[in-house]
Colleague: 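One structure coming up, written as structure tokens, with questions to follow.
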Amino acid sequence: MAAPSLGPQLKAGPRRILHVDVDAMFVQCAVLADPERLGGVDLILVGGSPSGRGVVTSASYGCRAYGVRSAMPTATALRLCPDATVVKVPGEMVRTKSRALASSIADWSPVAAMASVDEAYIDLTGTEGLHRNEPLVETARRIQRDLKERTGLDVSIGGAANRLVAKMATSFAKPAGVYVVAPGEEEAFVASLQPEDLIGVGPALLASLRRRGIVDMTSLRALDVETMAAWWGPDRARWLWRRCRGIDEGPIRGREGAKSISSETTFPRDVSDLGELERLLLGRVVSVAGSLRRQGYYARTITVKLRYADFRDRSRSRTLVDSVQSDRVIFSVARELLGDLRRHNERPVRLIGVSLTGLSDSPEPEQQSLIALVPPRENARDRALSAAVDRIRDKHGRVIAPGSVLADQRRSREGDG
DNA sequence: TCTGGGGTCCTAGGACCC
DNA sequence: TCTGGGGTCCTAGGACCC
């Protein structure tokens with residue numbers, strides 16, 4: 001009596017990994033959110049920003065035919081494609097569809113995980129028996145139809161024996177297609193690409209390659225790991241050597257809890273005045289601390305970032321002994337960090353951001369010590385006040401800064417004058 | 001035509017402890 | 001008195017991805 005094959009524990013054959021990527025997710029979601037206005041519209045740009053210095057978040061395939069790309073300034077995109085309809089990021093629909101996608105892929109394998117809002121990996125290794133031993137490409141097509149039925153979204157699917165190659169295969173599947181790299185063909189597949197097609201090779205590494213005369217995959221793959229180590233250090237060398245051969249043994253795993261929560265904004269015009277920067281900083285603090293509490297976290301490290309007109313970023317951070325989550329304490333620390341940054345540089349600023357790291361789900365410090373008495377300390381009243389503000393904000397949908405925070409700021413401003 | 005906002009991961013130096 | 005490494009944490013900056 002033949003038991004169904006359980007695959008890997010009996011025989012270490014190639015893994016069967018699929019990478020699922022929603023085609024122009026934000027465009028599809030915008031249409032689903034407003035079918036009356038956008039149904040049947042071919043030229044859609046998602047993007048822009050309140051600052052008027054926005055870029056394209058996502059472009060419909062119609063727009064892409066005009067040369068429009070993600071991250072391109074919206075003004076440039078409109079010059080290339082003047083008839084495009086520009087819409088805002090459909091945040092709520094994106095979250096809804098991302099959740100729907102996550103629950104749908106989970107039905108196809110116990111080893112399935114979202115990699116971002118619009119991407120997922122499914123490890124089908126060992127499920128051959130469940131799928132009548134059909135080729136991986138057939139299973140991928142059935143998954144594609146299932147996801148369309150259950151979420152309304154068109155997806156493209158890449159397949160291979162590992163995550164890295166599956167993801168690169170997906171670009172050959174777009175839009176709404178399936179592309180599977182046969183087992184054993186991973187290296188040949190990668191060899192047919194360009195260095196900039198490799199995941200993790202961005203503008204900086206590409207420029208470094210070019211400077212050294214490495215202009216194509218053949219010359220990259222001809223390098224030995226010692227030469228690469230002399231250029232970029234041993235870790236990066238090993239990483240790139242394996243990457244340009246399609247080698248990746250990493251498992252499919254979900255992302256555990258968040259590691260950081262941040263909020264930043266680019267101003268319509270550059271700002272130099274400290275008082276105005278503090279007011280704008282408060283807006284970011286209220287936003288990021290609200291996200292922190294909504295997600296049930298406390299943070300130990302607070303970072304303030306400024307971007308200057310020359311696009312250079314400067315940041316200051318501080319790690320507290322306690323984990324905190326109230327607007328008051330986070331703002332008081334952020335304000336000092338901003339003051340420190342401005343003491344060193346008073347040039348005009350185009351962006352301000354606050355990021356929270358060292359996240360935990362409890363306010364308790366890991367170990368008590370005497371320095372835990374160093375301010376700023378967050379008390380029960382701070383937390384209750386912030387929670388009350390959250391409730392009011394949820395109810396009225398307005399951004400409200402707690403009075404004590406504003407009073408703190410007013411007092412110190414008067415003190416400055 | 002100047003270049004968003006949300007993240008993750010890595011590096012490197014200094015402090016500090018064992 | 002001089003001389004160690006290893007490990008971990010913190011800070012600042014940067015590359016990269018969607």
Side-chain angles (χ1 to χ4, degrees), chain A residues 19 21-27 29 45-59 67-82 88-89 91 94-95 98 114-120 164 167-168 170-171 196-208 232-236 238-240 243 250 255-268 270 284 287-288 291 295 300-321 337 340-341 344 350-359 366-367 371:
Chain A
H19 175 250
D21 195 312
V22 182
D23 300 329
M25 168 94 159
F26 286 35
V27 171
C29 286
L45 286 180
V46 179
S49 87
S51 71
R53 294 165 134 177
V55 300
V56 173
T57 299
S58 182
V68 174
R69 296 288 177 268
S70 289
M72 177 182 277
T74 307
T76 310
L78 283 173
R79 194 168 46 79
L80 293 170
C81 184
K88 282 190 285 193
V89 171
V94 169
R95 279 187 290 275
S98 192
M114 297 298 288
S116 71
V117 284
D118 67 344
E119 276 182 296
L164 173 68
K167 183 178 168 79
M168 292 190 292
T170 303
S171 46
E196 60 264 39
D197 298 327
L198 297 174
I199 310 297
V201 175
L205 184 51
L206 198 62
S208 174
W232 303 298
D235 292 349
R236 194 134 190 82
R238 266 193 299 274
W239 173 86
L240 186 56
R243 190 136 290 213
R255 295 183 302 169
E256 296 102 40
K259 299 217 165 37
S260 73
I261 298 177
S262 66
S263 176
E264 61 185 47
T265 190
T266 297
F267 314 135
D270 296 353
R284 288 315 91 205
S287 159
V288 77
S291 301
Q295 295 177 55
R300 271 192 71 210
T301 303
I302 297 160
T303 303
V304 171
K305 172 171 98 178
L306 298 180
R307 177 169 296 157
Y308 292 98
D310 63 2
F311 253 69
R312 283 259 261 271
D313 293 346
R314 287 293 171 263
S315 66
R316 283 288 178 278
S317 67
R318 187 186 301 166
T319 299
L320 308 175
V321 173
L337 295 170
D340 194 28
L341 280 163
H344 295 99
R350 64 175 286 135
L351 168 149
I352 194 165
V354 177
S355 130
L356 304 175
T357 53
L359 305 183
E366 303 204 342
Q367 70 246 13
I371 50 169

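What you are looking at is a predicted structure, and each value in this text was computed from that prediction instead of being measured. Lettering of chains follows the sequences in order, A, B, ..., and the numbering in each one begins at 1.
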Colleague: Do the side-chain N and O atoms of A:S263 and A:R284 include a donor-acceptor pair separated by under 3.5 angstrom?
Modeller: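 Yes - a donor-acceptor pair under 3.5 Å links their side chains.
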Colleague: Would you kindly give the CZ-to-P distance between A:F311 and B:dC2, to the nearest whole Å?
Modeller: 12 Å
Colleague: So does A:R307 pair up with A:E264, basic N to acidic O under 4.0 Å?
Modeller: no
Colleague: Where do A:M25 and A:V94 come nearest, in terms of heavy atoms and distance?
Modeller: CE-O, 3.8 Å
Colleague: Is any side-chain heavy atom of A:W232 closer than 4.5 Å to one of A:L205?
Modeller: yes
Colleague: Check the distance between C:dC18's P and A:M72's CE and give it to me in whole angstrom.
Modeller: 17 Å
Colleague: Once you apply a heavy-atom cut-off of 4.0 Å, does A:A115 come out as touching a base, just sugar-phosphate, or nothing?
Modeller: nothing
Colleague: Please classify the nucleic acid contact of A:R350 as base, sugar-phosphate, or nothing, using heavy-atom distances under 4.0 Å.
Modeller: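 Counting heavy atoms under 4.0 Å across all strands, the contact made by A:R350 includes a base.
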Colleague: Please state how far atom CD1 in A:I199 lies from atom C1' in C:dC17, giving the value in whole angstrom units.
Modeller: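 The distance from CD1 of A:I199 to C1' of C:dC17 comes to 9 Å, rounded to the nearest Å.
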Colleague: Just checking, is any N or O donor in the side chain of A:S49 or A:S51 under 3.5 Å from an acceptor N or O on the other one?
Modeller: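 Checked: A:S49/A:S51 side chains pair up, N/O donor to acceptor below 3.5 Å.
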Colleague: Measure from CG on A:L45 to C1' on B:dG4 and round the result to the nearest Å.
Modeller: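 So the CG-C1' distance, A:L45 to B:dG4, works out to 14 Å.
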Colleague: Can you tell if the side chain of A:V201 reaches within under 4.5 Å of the side chain of A:L240, non-hydrogen atoms only?
Modeller: yes
Colleague: Check the distance between B:dT1's P and A:L80's CG and give it to me in whole angstrom.
Modeller: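 In whole Å, B:dT1 P and A:L80 CG are 9 Å from each other.
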Colleague: Would C:dC2 be called syn or anti, given that syn covers angles within 90° of 0?
Modeller: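 Base orientation relative to the sugar is anti.
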Colleague: Students often get this wrong, so: under 4.0 angstrom with heavy atoms, is A:T265 touching a base, only sugar-phosphate, or nothing?
Modeller: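 Sugar-phosphate, backbone atoms only, no base.
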Colleague: Heavy-atom nearest nucleotide on DNA chain B for A:R236 versus A:G52: which residue maps closer to 5'?
Modeller: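 Its nearest nucleotide being more 5', the pick is A:G52.
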Colleague: Quick check: closest heavy atoms across A:S70 and A:T57, and the distance to 0.1 Å?
Modeller: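 Looks like OG-O, 3.4 Å.
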Colleague: A:I261 CD1 to B:dG5 P: how many Å, rounded?
Modeller: 18 Å
Colleague: In whole Å, measure the gap between the P atoms of C:dC18 and B:dT3 for me.
Modeller: 23 Å
Colleague: Phosphate oxygens OP1/OP2 of B:dG5: is one of them under 4.0 Å from a side-chain N or O of A:T266?
Modeller: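 A:T266 to B:dG5 OP1/OP2: side-chain N or O found under 4.0 Å.
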Colleague: For A:F267 and B:dG4, what is the distance between atoms CZ and C1' respectively, to the nearest whole Å?
Modeller: 13 Å
Colleague: Can you check each nucleotide of nucleotides 6-13 of chain C against protein heavy atoms at under 4.0 Å and return B for base, S for sugar-phosphate only, - for none, in 5' to 3' order?
Modeller: ----SSSS
Colleague: With sugar-phosphate meaning primed atoms plus P, OP1 and OP2, does A:S263 contact a base, only sugar-phosphate, or nothing at under 4.0 Å between heavy atoms?
Modeller: sugar-phosphate
Colleague: By nearest atom, which of the nucleotides B:dT3, B:dT1, B:dG5 is closest to the A:L351 side chain?
Modeller: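 Nearest to the side chain of A:L351 among the choices is B:dG5.
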Colleague: Check the distance between B:dG4's C1' and A:R284's CZ and give it to me in whole angstrom.
Modeller: 12 Å
Colleague: Test salt bridge (Lys or Arg N to Asp or Glu O under 4.0 Å) on A:R350 and A:D270 and set out the steps.
Modeller: CA-CA 5 Å; A:R350 64 175 286 135; A:D270 296 353; 5.1 Å; no
Colleague: For a quick check of understanding: with a heavy-atom distance under 4.0 Å over all strands, which category does A:V117 fall into, base, sugar-phosphate or nothing?
Modeller: nothing
Colleague: Among B:dT3, C:dC18, C:dA15, which is the nearest nucleotide to the side chain of A:D118?
Modeller: C:dC18
Colleague: With pairs taken as Watson-Crick or G-U wobble and both distances under 3.5 angstrom, which stems of at least three consecutive pairs involve DNA chain C?
Modeller: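 Consecutive-pair runs (3 or more) involving DNA chain C: B:5-18 with C:5-18.
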Colleague: What are the two closest non-hydrogen atoms of A:I352 and A:F267, and how far apart are they?
Modeller: CG2-CZ, 3.5 Å
Colleague: Reading DNA chain B from 5' onward, which residue's closest nucleotide shows up sooner: A:T57 or A:R255?
Modeller: A:T57
Colleague: Would you say the side chain of A:D21 lies within less than 4.5 Å of the side chain of A:E119, judging by non-hydrogen atoms?
Modeller: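 Contact flag for A:E119/A:D21 side chains = yes.
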